[in-house]
Every structure is written in C-alpha cells, then in structure tokens.
Amino acid sequence: MRQAGAYSGILSRKTGPHSLPLARIKKIMKKSSDDVKMISGEAPIVFSKACELFIEELTKRAWIIMTNNNMHEKRRSTLQKDDVASAIIATDVFDFLVNLVSTTHDNNCELMNEESHQDIMEDI
C-alpha cells in the first residue's frame with residue numbers, strides 16, 4: 001500500500017479533468033531526451049500543475065506591467081503579446097525566455113527604463 005506524499009493534493013484529481021492535456025505533456029516529456037524511456041502516470045499530472053502555476057504567475061506579472069504602463073491612457077482589459085514580453089524581460093526568473101521574446105519586443109516596444117522597472121518590481 002502506498003502512502004500519500006508531498007504531491008497527494010495534486011494527484012488526488014488523477015481521474016478528474018485536467019486543465020492541460022496529459023497526453024500532450026507526456027509526449028513533450030518523451031521528446032525532451034532520447035534517454036527518457038518511460039514516464040510514470042503521476043509525472044504528467046505534476047507537470048500539468050506546474051504549467052498552470054507558471055501561466056498564472058506570468059499572467060499576473062504581465063497584467064501588473066500593463067496596468068502600470070497604461071495609467072495615463074484609457075484602461076484596456078486585454079492582455080497582449082507585448083505585455084507578456086515586458087513581464088518576461090522585467091522578471092529575472094523568466095530570463096530563460098528572453099531570447100524568445102526580445103527581438104519581437106525590441107521592434108514593437110520601447111524598453112523600460114530602470115525607474116519604471118523598479119516601480120513594477122515593487123508592485124509584484
């Protein structure tokens with residue numbers, strides 16, 4: 001008989017619906033390396049929850065940046081690609097994504113100066 005571990009709260013919804021498709025997560029995991037031969041049933045569930053938390057955090061940071069950048073303009077309620085790019089560039093934790101967005105962001109937006117970066121980081 002197995003005992004509940006640190007992930008028991010996540011794994012308890014194993015039979016329920018998931019926000020992200022587990023088969024797709026498992027496929028990505030297998031493609032990550034030729035050394036990955038087998039993946040337990042619980043691993044994609046943990047990855048699914050991690051992806052949900054990642055998306056949530058990036059969305060919150062992008063929203064804060066958008067609202068700070070548009071204080072003087074009419075307030076919009078749609079998060080755009082440039083808002084996400086700004087959040088990635090402004091947040092050290094997302095440095096691994098900078099190359100993904102930097103060329104697009106540089107062409108479409110003015111990079112934030114150090115003062116606005118500090119203001120945003122205080123809000124987060």
- Given W63, which of L79, N68, L58, V84 fulfils the side chain to side chain contact (heavy atoms under 4.5 Å, CB included) condition?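 Looking at L79, N68, L58, V84, the match for W63 under the side chain to side chain contact (heavy atoms under 4.5 Å, CB included) is L79.
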
Side-chain donor/acceptor of [X] to backbone N/O of [Y], under 3.5 Å:
| X | Y | result |
| --- | --- | --- |
| S86 | D82 | yes |
| S33 | D35 | yes |
| D83 | Q80 | yes |
| T67 | I64 | yes |

- Taking all heavy atoms of S48 and all of L22, pick out the closest pair and write down the distance.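 Taking S48 first and L22 second, the nearest heavy atoms are CB-CD2, 3.8 Å.
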
- Item | Closest approach of A87 to R61 (non-hydrogen atoms, all atoms of both residues) |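 Result for this residue pair: CB-C, 3.9 Å.
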
Write out all pairs satisfying ring pair (Phe, Tyr, Trp, His ring centres under 6.0 Å) with one or both partners inside [range], taking only residues at least two apart or from two chains.
| range | answer |
| --- | --- |
| residues 25-44 | none |
| residues 77-96 | F54-F94 |
| residues 20-44 | none |

- Task: Could you tell me which residues satisfy ring pair (Phe, Tyr, Trp, His ring centres under 6.0 Å) with F47, sequence neighbours excluded, listed by chain and number?
- Result: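 Scan of F47 (ring pair (Phe, Tyr, Trp, His ring centres under 6.0 Å), adjacent residues dropped) gives none.
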
- Task: Kindly write out the residues that satisfy salt bridge (Lys or Arg N to Asp or Glu O under 4.0 Å) with K27, not counting sequence neighbours, or none if the list is empty.
- Result: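 Testing K27 for salt bridge (Lys or Arg N to Asp or Glu O under 4.0 Å), a comparison that skips the adjacent residues, returns none.
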
Rounded to the nearest 0.5 Å, what's the gap from [atom1] on [X] to [atom2] on [Y]? Could you check?
| X | Y | atom1 | atom2 | value |
| --- | --- | --- | --- | --- |
| I25 | K49 | CD1 | NZ | 12.0 Å |
| M38 | M29 | CE | CE | 12.5 Å |
| S77 | M66 | OG | CE | 7.5 Å |
| E57 | T59 | CD | OG1 | 9.0 Å |

- Task: Output all residues satisfying side chain to side chain contact (heavy atoms under 4.5 Å, CB included) with D95, sequence neighbours left out; order by chain, then residue number.
- Result: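 Expected list: D92, V98.
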
- Message: Could you work out, with side chain to side chain contact (heavy atoms under 4.5 Å, CB included) as the rule, every residue matching S32, not counting sequence neighbours?
- Response: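 Result, side chain to side chain contact (heavy atoms under 4.5 Å, CB included) vs S32: V36.
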
- Message: For residues I39 and I28: do they belong to one hydrophobic cluster (side chain heavy atoms under 4.5 Å, members Ile, Leu, Val, Met, Phe, Trp, Tyr)?
- Response: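 No, I39 and I28 fall in different hydrophobic clusters.
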
- Message: Assigning hydrophobic clusters by single linkage (Ile, Leu, Val, Met, Phe, Trp, Tyr; side-chain heavy-atom cutoff under 4.5 Å), is I55 placed with L100?
- Response: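 Yes; tracing contacts between hydrophobic side chains, which count when under 4.5 Å, links both residues.
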
- Message: I'd like to check the side-chain hydrogen bond (donor to acceptor under 3.5 Å, both in side chains) partners of R24; sequence neighbours left out, ordered by chain and number.
- Response: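 Listed in chain order: nothing, the list is empty.
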
